[in-house]
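One structure below.
Keep in mind the model is a prediction, meaning the values are calculated, not measured.
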Amino acid sequence: MALPMTRVLLAAVLAVSCAAAWAQDTAGRQHEPNTRVPKHAMRYAPSGFPDRIVASPAADAATGLAVAWRTIAAVESPLLEIVVAGDSPDMGVARQLRAESRVLETENGTAHHHRADVEGLQPDTLYAWRVQGDRTWSAWHHTRTAADRDAPLTLLYFGDTQNKNVSLTTRVVREAMRHAPDARLALYAGDLVSGGDGEDDNEWGEWFEANETLPTSMAVAPAPGNHEYFEEFEDTPQERRVLGAHWPVQFALPRNGVAQAKETTYWFDYQGVRVVVIDGTSALDLGTAKAQARWLDGALASNPNRWSIVLTHQPFYSPREGRDNALLRRHLLPVIRRHKVDLVLQGHDHVYGRRLPVDEPTPAFVVSVAGAKQYRLSDDARATMKPVAEDTQLFQVLRFDGGRLRYEARTATGRLYDAFELVDSGAGGKRLVEVLEGRIGERDCARAETLKGRADRCWE
């Protein structure tokens, strides 16, 4: 009888151990940190080796680009080298440009962020370029300049990445690049990181790690979100919203924005598409809505292209309960409608929703989310938007080809969630054609509350 009793005791011990392990795992999931960086670790400290390298379009993306990167503070005004890419490792004598440098103090120490603007490039040309560090260089990267206005274009659009970037954004970026290997441009609708937790630099480090080769293989154009700002003098009479220190140095964006929001608004032309980036946070919280509307009017009035996109963080029509960005509709929406903008690409609300056409097929208003934080849809969104989605990470692929624009929203596993085409009939105007074939059904959140017990969210 001793042997069976021993087995019983052993089984009981194993059961307790398994239960403890499960409880520990559950607790770990409930309290999983926003970054993978352990406390006091210096995972993303700057070094002499260039990192956080990202290319962005010039206002005329056919003839220019700009590159931003980071090093230790000992590196001052380093070089960028660029040459037409060739098949031989000997690509000839590279053109050299001296970068401007700005200092940034973070939890990871003192860094220099560098910017080099390259002009006078040839359209539709593959360039090889690299950036300098402390007695070292980056790899040679390839970026192709924009072609002429009639050439086909593929671009990617991501909603908020924001939380757990390495853990859960990485797979979305990889799937997007797998589905669109010909993409030349990537648009991000703000809240790239969460911020405000003393780990801002770690979060930016994770954003770049999650995006892997994307920022050096195509042009990157982000909109600022409210999480790119922070509250200064919080909970005091002097409280005010201030742009975070990372944003002005993290990207080398066109310098053609409105004076009242010059570091967060800009426009550029890319292969038959004018993209105009507005700053919803500044418009809503800092009183710049009217100034941005006047500037937007000018940027759209001078558009020589067939297509136009407005990229912004806060939605004009919010799909989340309790949010209403009325100032955007009052001041900026009339400009968008007057100039017949084709697409308004947005983030902020951590669900998916495409607003149904009311009087005209355009603009098509889309809200999407790429990252881990997931909210819930309002009843109004379910009535005025289709399709909608909760609890779903997505990316979008946009293909422009002459008079036809095809839009696809795909889930993190690559499944088609939404698709439509805008067809330009010339004098007859543009019409929206729904693409239903291959789309999966609408997704709703099946959880009553998050792991942290919040019923107003689905996952965080």
Side-chain angles (χ1 to χ4, degrees), residues 46-104 111-149 151 153-155 182-186 208 211-222 248-257 263 266-273 275:
S47 75
F49 293 90
D51 66 2
R52 303 191 188 181
I53 307 168
V54 53
S56 292
D60 179 4
T63 61
L65 58 84
V67 178
W69 71 100
R70 183 191 76 153
T71 63
I72 55 173
V75 180
E76 180 74 34
S77 300
L79 294 171
L80 176 145
E81 292 190 336
I82 187 167
V83 65
V84 174
D87 296 318
S88 168
D90 182 0
M91 292 181 285
V93 178
R95 175 181 168 193
Q96 292 188 333
L97 296 99
R98 186 69 66 179
E100 60 184 67
S101 302
R102 295 173 68 174
V103 66
L104 183 64
H112 269 175
H113 286 256
H114 315 288
R115 172 184 178 136
D117 290 82
V118 189
E119 300 174 343
L121 301 177
Q122 296 300 309
D124 198 18
T125 302
L126 186 68
Y127 283 92
W129 54 270
R130 64 177 183 171
V131 296
Q132 190 179 37
D134 179 16
R135 296 162 294 156
T136 188
W137 292 84
S138 72
W140 285 98
H141 302 292
H142 280 181
T143 304
R144 186 177 292 275
T145 51
D148 61 44
R149 294 176 192 165
L153 168 66
T154 299
L155 66 83
D182 57 336
R184 295 194 184 185
L185 174 66
F208 277 94
N211 279 273
E212 298 178 325
T213 62
L214 186 151
T216 54
S217 59
M218 65 183 79
V220 171
V249 300
Q250 204 74 88
F251 302 98
L253 304 173
R255 290 167 165 162
N256 54 10
E263 292 186 303
Y266 59 98
W267 62 263
F268 62 92
D269 292 331
Y270 206 107
Q271 219 158 294
V273 184
V275 179

ask   = Is Ser56 reaching over with its side chain to a backbone N or O of Val220, donor-acceptor style, under 3.5 angstrom?
value = yes
task = Go through the steps for Asp124 and Arg184 under the test salt bridge (charged side-chain N to carboxylate O under 4.0 Å, His left out), then give the verdict.
result = CA-CA 11 Å; Asp124 198 18; Arg184 295 194 184 185; 3.1 Å; yes
message = Quick one, Gln132 and Val75 - any side-chain contact, counting heavy atoms below 4.5 Å?
response = no
ask   = For the side chain of Trp69 and the backbone of Ala116, is there at least one donor-acceptor N/O pair under 3.5 Å apart?
value = no
query = Is Arg115 salt-bridged to Glu100, going by a charged N under 4.0 Å from an acidic O?
reply = no
message = Quick check against the 3.5 Å criterion: does Thr145 have a side-chain atom that pairs as donor or acceptor with the backbone of Thr125?
response = yes
ask   = Has Glu76 got more than 12 heavy atoms of other residues, nucleotides or ligands less than 6.0 Å from its CD?
value = yes
query = Taking the side chain as C-beta and beyond, is there a heavy-atom pair between Asp51 and Arg70 under 4.5 Å?
reply = yes
request  = Look at the aromatic rings of Tyr266 and Phe268 and report parallel, tilted or perpendicular, splitting at 30° and 60°.
outcome  = parallel
key: Backbone N/O of Gln122 and side chain of Tyr127: donor-acceptor pair under 3.5 Å   = yes
key: Where Thr136 and Gly48 come nearest, the two heavy atoms and their spacing   = CG2-O, 3.4 Å
message = Measuring only between side-chain heavy atoms, which start at C-beta, is Arg98 closer than 4.5 Å to Leu79?
response = yes
message = Could you report the tightest heavy-atom contact between Arg102 and Pro248, atom names first, then the distance?
response = NH1-O, 3.8 Å
key: Side chain proximity check, Val131 to His114, heavy atoms < 4.5 angstrom   = no
ask   = Looking at side-chain heavy atoms only, is the closest gap between Arg95 and Leu121 below 4.5 Å?
value = yes
message = Given 3.5 Å as the limit, does a donor-acceptor pair link the side chain of Ser101 with the main chain of Ser77, or not?
response = yes
task = Would you mind reporting whether Leu97 and Ile82 have side-chain heavy atoms less than 4.5 Å apart?
result = yes
